[in-house]
2 protein chains.
Amino acid sequence: MIDMPAKRPPVPLSLERIIDAALHIADGQGLRRLTMRRLGDALQVEAMAIYHHLPRGKDALMDALAEHVTAVQVGPEGLDGWQDRARAWARASRAALLEHPGVLSLALTKPPKGSALIAIREQAEQLQEAGLGDASEAVRALRAYVFGSVAVEVQQSGWADPDATVQHARTADGEREFEHGLDALITGLER
Amino acid sequence: MIDMPAKRPPVPLSLERIIDAALHIADGQGLRRLTMRRLGDALQVEAMAIYHHLPRGKDALMDALAEHVTAVQVGPEGLDGWQDRARAWARASRAALLEHPGVLSLALTKPPKGSALIAIREQAEQLQEAGLGDASEAVRALRAYVFGSVAVEVQQSGWADPDATVQHARTADGEREFEHGLDALITGLER
DNA sequence: ACCTGAACACCGTTCAAGT
DNA sequence: ACCTGAACACCGTTCAAGT
């Protein structure tokens, strides 16, 4: 008998590993190519094993992905005034969405649940404590602003565009314009 | 032999009928249940017949749906000043998206093509002719605003909410807040 | 030109079975 | 508790064939 290198006991499956692999597939190949079977392959496991960790199957997976890029928290440490807190939260939200464009359609569309819903409520409380009048209105406006900005920014990167340097210039513009619009929104919120 | 009512020659398939039926399914049952076979059933035709009108298959169908809710034109008649035109265009865009929430994820996510892309360019030209400085910047900001507003508005209607009257109040709020934010955005655009 | 029928590869999910 | 294998109903798409 030939001495084979000992087959390592595979890393056990976990919700976190499943979500990471799913995000990798969605970002790299698109959401339509994210299938339970492909996801199983990526995790070196039969597709059916996933159901043990996500009993509601693919629907639960989609929910979890939306939650993952959408449940954003920013600690109130070192942030004085609701303006700074709002700004920090908006930036963190934008970054989280841009990091995983493959699931953006889920993030923009699925009603917030679980930790995402909790994060929204917490953010409203923080802004209220920091002295903002209608905090839940403000959170809605901020979420809308982040969603809209990221949507057109990601759309634009999918535009037909042969010139790669123009492409890069646009990305830098994205941040500049985001900050500019954010300033305007926040000044508008003080009334 | 029994006299049967004469079988009417079926209405011939057309791109328009296909898109209408597809929107109906997506809005009523969700995008995930929009399949070629179900679409064929709704049109009283075998699924394969659809490929004659949409040679690129389901991808082409998705593109067409996004285009349909996204290619918005407003004639410049009776609209003086770029502010009024921008306002009219934003309202029309919001209405088109709210009418078909089932394909919102496509509309927010697919890069504009065909008539949708043309409508964007035309809108930029109109605003420029009406005296706006950086018109393409403005169109981007307006699109982002409409996308974000509609996204949170539609998300909210999917929220867990036992009280139906609260639900209805929210919808009315949606329009009020949209107009309010739109005013702020447009004043911000004049610089 | 327009549609059908059969076929193929792939998909989500269930269930009994293995360890 | 965690994973596999076989099975089922359904899916997108092709292709040859019908009219």
Side-chain angles (χ1 to χ4, degrees), chain A residues 4 6-68 102-103 105-106 109-110, chain B residues 6-68 102-103 105-106 109-110 113:
Chain A
M4 300 290 280
K7 209 185 268 177
R8 218 167 275 265
V11 188
L13 219 44
S14 70
L15 199 59
E16 205 199 343
R17 285 189 60 224
I18 292 173
I19 291 176
D20 282 354
L23 287 171
H24 191 255
I25 294 174
D27 290 335
Q29 325 190 31
L31 200 57
R32 276 200 69 204
R33 300 192 55 114
L34 172 58
T35 68
M36 299 300 273
R37 284 165 147 101
R38 239 187 289 263
L39 184 53
D41 282 354
L43 292 162
Q44 315 232 50
V45 105
E46 295 297 315
M48 300 74 197
I50 299 167
Y51 287 82
H52 206 268
H53 300 260
L54 286 167
R56 269 179 40 257
K58 199 171 186 184
D59 279 346
L61 177 62
M62 299 306 217
D63 285 351
L65 295 177
E67 213 174 303
H68 184 267
V103 298
S105 62
L106 301 176
T109 275
K110 289 225 171 217
Chain B
K7 208 185 266 176
R8 219 166 275 262
V11 188
L13 218 46
S14 71
L15 199 60
E16 205 199 343
R17 284 189 61 224
I18 293 173
I19 291 176
D20 282 354
L23 288 171
H24 190 254
I25 294 173
D27 290 335
Q29 323 190 32
L31 200 57
R32 275 200 70 205
R33 300 192 55 115
L34 172 58
T35 68
M36 298 302 271
R37 284 164 148 101
R38 239 187 291 262
L39 185 52
D41 282 354
L43 291 163
Q44 316 232 49
V45 106
E46 295 298 315
M48 300 73 198
I50 298 167
Y51 286 82
H52 205 268
H53 301 260
L54 286 167
R56 270 179 41 255
K58 199 172 188 186
D59 279 345
L61 177 62
M62 299 307 217
D63 285 351
L65 295 178
E67 212 174 303
H68 184 268
V103 297
S105 62
L106 301 176
T109 275
K110 289 225 171 216
K113 296 206 290 186

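Quick note: numbers below take in every heavy atom, side chains included, and nothing from hydrogens, waters or symmetry partners. Every chain is numbered from 1, with letters handed out A, B, ... down the list of sequences. Computed from a prediction, not measured in an experiment: that's the story for all the values here.
For the OP1/OP2 pair of C:dC3 and a distance below 4.0 Å, the side-chain nitrogens and oxygens of B:His53 include at least one atom meeting the criterion. Between B:Arg37 and D:dT13 there is no side-chain N or O to OP1 or OP2 distance below 4.0 Å.
Checked options B:Val45, B:Leu65, B:Leu13; the residue passing with B:Ile18 is B:Leu13 (criterion: side-chain contact (heavy atoms from CB on, under 4.5 Å)).
Both key distances under 3.5 Å define a Watson-Crick or G-U pair, and stretches of 3 or more such consecutive pairs in DNA chain C run C:4-8 with D:12-16, C:12-16 with D:4-8.
Taking each heavy atom of A:Arg38 and A:Arg33 in turn, the nearest pair found is NE-O, 2.7 Å. When all heavy atoms of A:Pro12 and A:Arg17 are compared, the closest pair comes out as O-NH1, 3.1 Å. Across every non-hydrogen atom of B:Ile25 and B:Leu39, the tightest pair is CD1-CA, 3.9 Å.
When the nucleotides D:dC3, C:dA7, D:dA6 are ranked by their closest atom to the side chain of A:Met48, D:dA6 comes out on top. Of all nucleotides listed (D:dG12, C:dC3, C:dT13), C:dC3 comes nearest to the side chain of B:Val45. Closest to the A:His52 side chain, of the nucleotides D:dC3, C:dG12, D:dG12, is D:dC3.
A:Arg32 contributes no side-chain N or O that, together with a main-chain N or O of B:Asp59, makes up a donor-acceptor pair within less than 3.5 Å.
Atom CD in A:Glu46 sits roughly 14 Å away from atom C1' in C:dA17 (whole-Å rounding). The nearest whole Å value for the distance from the CZ atom in A:Arg33 to the P atom in D:dT13 is 12 Å. To the nearest angstrom, P of C:dG12 lies 6 Å from OH of A:Tyr51. When rounded to the nearest whole Å, the span between CE of A:Met62 and P of C:dC11 equals 13 Å. Rounded to an integer number of Å, the gap from A:Lys58 NZ to C:dC10 P is 15 Å. With rounding to whole Å, A:Leu43 atom CG is found 11 Å from D:dT4 atom P. For B:Leu54 and C:dA1, the CG to C1' distance is 16 Å, given to the nearest whole Å. Taking atom CD1 of residue B:Ile18 and atom C1' of nucleotide C:dC2, one finds them 12 Å apart after rounding to whole Å.
In this structure, the side chains of B:Val103 and B:His68 stay at 4.5 Å or more apart for every pair of heavy atoms.
Mapping B:Arg38 and B:Pro55 onto DNA chain D by nearest heavy atom places B:Arg38 closer to the 5' end of the strand.
In this structure, CZ on A:Arg56 lies 8.5 Å from CG on A:Leu54, to the nearest 0.5 angstrom.
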